[in-house]
Amino acid sequence: QFEARVASCISLMWTRVATRMAVVFTAVCLLGAVSARVPPGAPALVPHGVEVDGVGRVLPGVGGRGGGARDGTAGTVVTTPVAEPEPPLMNLSLVDGTHCLDGSRAGYYFRKAQSARGQRRWVVYMEGGGLCYDPSSCKSRSHTNLGSSENWGANRTGGASLAVDSARNPDFWDANHLFVPYCTGDLHTGTVATTSPLTFGLYFAGHTNFEAIIKDVIATHALDTATEVLHSGDSAGGMGVFYNVDWLADTLPKATVKGAPVGGWYFPGFADDQPEAPWAPPSLYPEWSTNTTGASRAVVAYLVALFRVYIHPHCTEEIQFHCGSVNVMYKHITSPLFVLQNMYDTNQIGAELFMPGCSGDECSELQLGFVRYFGRALRKSTHQVIENTRKKDGLFLPSCYAHTEGINVEGKTTINGFNPTAMVGDWFFERNGRDPIRVVDDCPEDLPCNPSCKSLVPEPNPGPETQCETELNTVCSRKSGCFACAMLNLPQLLAALCTVPELTSLCASPPVANAARSLHTSK
């Protein structure tokens, strides 16, 4: 019944009927695609924070190799530089019965272990790259490498925990490397293996594909003989880890399977303005700035229905779509996890919750208030990791205004000298007494404060007024009620070549002539 109701609302949206129901479910889609290009930085206004528990040390990297040759003179050796061999590439395999958005086959890239030590050790890494949510964004995506395998290369290199370099990736450089490209737009969670008008004629089969890929790797590369498996991924791939790690562990009963999601905590809960709904994501900026709530909750319901999300079998909440948020799902995951997350996630604050950008000295008090609001929600939500007594999950939570930058294996962000590369390795191999497994920045003023990451929120370039902006300024006030007005006048604005994400961005930003007063007037 729930999916039928959502299907009805989707139908209303695309016929552009300006009814109250159409307005609500158009707002649902305003979350938008999780952009892979997010403005970096935020104001760094307070001193660096402190760790939560434990002490440890950073593992040193391992150096390179050299060589020499005799020149024919007895007793003389002339040293000559020896070029490092090119690292072996990961090779592509496409898997029958899988579907990217456009129906082309999904697949994986594989590189076998580089040492005897690594023969039974695996890294399974899910690619990130946003999501799609409506006919326009999904059909456009289906013509790119994030929605189709038609133009994938035959091989590729790897970074982070897939890097073949013992200095950059000391613990996993020589493991078997499995890279799962992202071509479904559904956060690696979907189970839509047949198309219909409700799915815009496309497939959302991220989880279903993953099952088929793992079965293929078991058959062709003996993954089922693994004894140690690190399941990781960034952004949308990080969210995919939360959804899929327990399934992977159940499929590989002989292995110790652990997950390390990077920038995948979508979404935090415990928002200040929604005490009656601790499960719910933070409010969209246009809502929060006008003291209203609700659209972000509908976003989760909509996406769970659209993708037919694979729900964790242990997540039996009374309202099932709540399980579509990591804030709710986390407590049901039984596999060990090391959560790597920036406290002020630019992707969530900007691309999804629609806060407009600003430079560090020119952020309005309202914008800085929203940054604080989001950071408080994320800290409260991820505190579940610290409170978890069932298993020793790890947490690296720096006070940075960034998405996934700096917090993966190879990342340069540190908290009191501890870095993610050493911490993940020590946690995975249970090297007790070295690095702590949980470190969190503590900022007295609730603003980004870590000096090892970028510190400015970029200032947007407004550019010339568009046809859409001109029509919006004619139809609606940009001071208050803009968002609701735009939805009620959506057919007229669509005729002016507006898109829903553009309208949301415009309503969240006042006209340049009436820009909000800056917190500071000089840089």
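The main-chain N or O of Pro286 is found under 3.5 Å from a side-chain atom of Thr290 such that the two form a donor-acceptor pair. One N or O on the side chain of Thr346 and one on the backbone of His403 form a donor-acceptor pair closer than 3.5 Å. Side-chain atoms of Arg168 never come within 3.5 Å of backbone atoms of Val409 as a donor-acceptor pair (strictly under, hydrogens ignored). Remark: side-chain polar atoms of Lys258 are not paired, donor with acceptor, to backbone N or O of Pro336 under 3.5 angstrom. Proximity of a side-chain donor or acceptor of Lys412 to a complementary backbone N or O of Ser452 within less than 3.5 Å is not detected. A donor-acceptor contact shorter than 3.5 Å is absent between the side chain of Asp234 and the backbone of Gly237. At least one donor-acceptor pair under 3.5 Å links the side chain of Gln348 to the backbone N or O of Trp265. A donor-acceptor pair under 3.5 Å is absent between the side-chain atoms of Gln114 and the main chain of Ala175, judged by distance alone. Judged purely by atom type and a 3.5 angstrom limit, Gln341 has no side-chain atom pairing as donor or acceptor with the backbone of Phe396. For Arg372 (side chain) and Gln367 (main-chain N/O), no donor-acceptor pair under 3.5 Å exists by modelled atom type.
Taking CG of Leu101 as the reference point, atom OG of Ser149 lies at 11.0 Å (rounded to 0.5 Å). With values rounded to the nearest 0.5 angstrom, Asp216 atom CG is found 13.5 Å from Glu211 atom CD. The line from CZ of Phe242 to NE2 of His188 is 13.5 Å long, rounded to the nearest 0.5 Å. With rounding to the nearest 0.5 angstrom, the CG atom of Leu162 is 6.5 Å from the CZ atom of Arg111. The CZ atom of Phe338 lies 9.5 Å from the CZ atom of Arg438; values are rounded to the nearest 0.5 Å.
Closest heavy-atom contact between Tyr266 and Ser235: OH-OG, 3.9 Å. Considering every non-hydrogen atom in both Gly107 and Pro181, the closest pair reads O-CD, 3.2 Å. Nearest heavy atom pair, residue Ala260 against residue Ser232, reads O-OG, 2.7 Å. Looking at every heavy atom in both residues, Leu366 comes nearest to Ser289 through CD2-CB, 3.8 Å. Contact record, Val300 with Ser325: CG1-N, 4.5 Å, taken as the closest heavy-atom pair. Taking each heavy atom of Leu397 and Met343 in turn, the nearest pair found is O-CE, 3.7 Å.
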Item to complete: Give the C-alpha distance, both sets of side-chain angles, the deciding distance and a yes or no for side-chain contact (heavy atoms from CB on, under 4.5 Å) between Ser161 and Tyr125.
Response: CA-CA 8 Å; Ser161 53; Tyr125 197 95; 3.6 Å; yes

Exercise for review: Decide side-chain contact (heavy atoms from CB on, under 4.5 Å) for Thr227 and Thr256; before the verdict, give the C-alpha distance in whole Å, the side-chain angles of both, and the deciding distance to 0.1 Å.
Suggested key: CA-CA 6 Å; Thr227 57; Thr256 297; over 6 Å; no

- Query: Yes or no on side-chain contact (heavy atoms from CB on, under 4.5 Å) for Thr208 and Tyr203, after CA distance, side-chain angles and deciding distance?
  - Reply: CA-CA 11 Å; Thr208 306; Tyr203 297 87; over 6 Å; no

Ring pair (Phe, Tyr, Trp, His ring centres under 6.0 Å) between His231 and Phe210, intermediate numbers included
CA-CA 12 Å; His231 185 199; Phe210 187 60; 5.5 Å; yes

Quiz item: side chain to side chain donor-acceptor pair (under 3.5 Å) between Asp441 and Ser399: does it pass, once the steps are laid out?
Solution: CA-CA 5 Å; Asp441 266 327; Ser399 178; 5.0 Å; no

Check: Can you list the steps and then say if Asp273 with Thr293 is a side chain to side chain donor-acceptor pair (under 3.5 Å)?
Finding: CA-CA 8 Å; Asp273 60 343; Thr293 63; 5.9 Å; no

Let me see the working for Asp186 and Thr189 under side chain to side chain donor-acceptor pair (under 3.5 Å), right down to the final yes or no. CA-CA 6 Å; Asp186 61 0; Thr189 68; 5.0 Å; no

Given Phe307 and Phe204, is the ring pair (Phe, Tyr, Trp, His ring centres under 6.0 Å) satisfied, shown in steps?
-> CA-CA 6 Å; Phe307 301 151; Phe204 298 108; 5.1 Å; yes

CA sep, side-chain torsions, deciding dist, call: Ser381, Asn327, side chain to side chain donor-acceptor pair (under 3.5 Å): CA-CA 6 Å; Ser381 184; Asn327 177 61; 2.6 Å; yes

Begin from the C-alpha positions of His221 and Phe110 and carry the test ring pair (Phe, Tyr, Trp, His ring centres under 6.0 Å) through to its verdict. CA-CA 9 Å; His221 301 292; Phe110 172 74; 3.9 Å; yes

Q.
Evaluate Val440 against Ile415 for side-chain contact (heavy atoms from CB on, under 4.5 Å), listing each step before the verdict.
A. CA-CA 7 Å; Val440 177; Ile415 301 177; 5.9 Å; no

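Asp426 has a carboxylate O that lies under 4.0 Å from a charged side-chain N of Arg431, or vice versa, which qualifies the two as a salt bridge. Ionic pairing of Asp171 and Arg121 is not present here: no N-O contact between side-chain nitrogen and carboxylate oxygen is shorter than 4.0 angstrom. The existence of a salt bridge linking Lys380 and Asp272 is confirmed by a sub-4.0 Å separation between a basic side-chain nitrogen and an acidic carboxylate oxygen. Taking a cutoff of 4.0 Å between a charged side-chain nitrogen and a carboxylate oxygen, Glu228 and Lys254 do not qualify as a salt bridge.
Using a 4.5 Å heavy-atom cutoff, the side chains of Val439 and Leu395 are not in contact. In this structure the side chain of Asn342 reaches within 4.5 angstrom of the side chain of Ile407, judged on heavy atoms. Side chains of Pro170 and Thr421 form a contact here, defined as non-hydrogen atoms less than 4.5 Å apart. Counting heavy atoms from C-beta outward, Gln320 and Val304 have side chains that stay 4.5 Å or more apart. A 4.5 Å side-chain heavy-atom check between His383 and Arg379 finds every atom pair outside the cut-off. A heavy-atom distance below 4.5 Å is found between the side chains of Tyr108 and Val217.
Side-chain contact of Asn388 with Tyr330: a donor-acceptor pair under 3.5 Å is present, judged by distance alone. Donor-acceptor pairing under 3.5 Å is lacking for the side chains of Asn209 and His99.
Shown here is Lys331, whose NZ atom has more than 12 heavy atoms of other residues, nucleotides or ligands within 6.0 Å. More than 12 heavy atoms of other residues, nucleotides or ligands sit less than 6.0 Å from atom CZ of Arg156.
Between His322 and Trp279, the angle of the ring planes stays under 30°, which puts this pair in the parallel group of the 30/60° scheme. Relative orientation of the Trp152 and Tyr109 rings is tilted, given thresholds of 30° and 60° on the angle between their planes. In this structure, Trp288 and Phe370 have perpendicular ring planes: the angle between them is above 60°, well past the 30° mark. Ring pair Phe429/Phe172 is parallel by interplanar angle, where below 30° counts as parallel and above 60° as perpendicular.
Both cation-pi conditions hold for Arg141 and Tyr182: the charged atom is under 6.0 angstrom from the six-membered ring centre and inside a 45 degree cone around its axis.
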